[in-house]
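Here the structure comes first, spelled out in structure tokens, and everything after it is commentary.
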Amino acid sequence: MAEANNYQMAIDLLCCHLGITEEEAKQQLGIASEQQLQKQVVDTQQALMGFSSDV
């Protein structure tokens with residue numbers, strides 16, 4: 001998560017000027033925590049499993 005420290009000013013600007021949360025600002029910048037990435041992987045896997053069971 002060292003990336004977030006490098007982008008803190010950009011994160012703060014997005015939060016203030018766009019009125020979004022810090023997590024949303026990080027998503028806009030393409031910065032995601034390991035936990036967020038893992039959740040996305042799990043969500044994708046679940047979606048694919050649901051898709052294959054519909055066939």
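We're numbering straight along the sequence, starting at 1.
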Which residues share a side chain to side chain contact (heavy atoms under 4.5 Å, CB included) with [X], sequence neighbours left out:
X: Leu13; value: Met9, His17
X: Gln40; value: Leu37
X: Gln28; value: Leu14, Ile20

Can you list every pair that meets salt bridge (Lys or Arg N to Asp or Glu O under 4.0 Å) and has a residue in [range], with sequence neighbours left out?
range: residues 6-17; answer: none
range: residues 13-22; answer: Glu22-Lys26
range: residues 40-49; answer: Lys39-Asp43

Under the side-chain hydrogen bond (donor to acceptor under 3.5 Å, both in side chains) test, residues paired with Glu24 that sit two or more places apart: Thr21
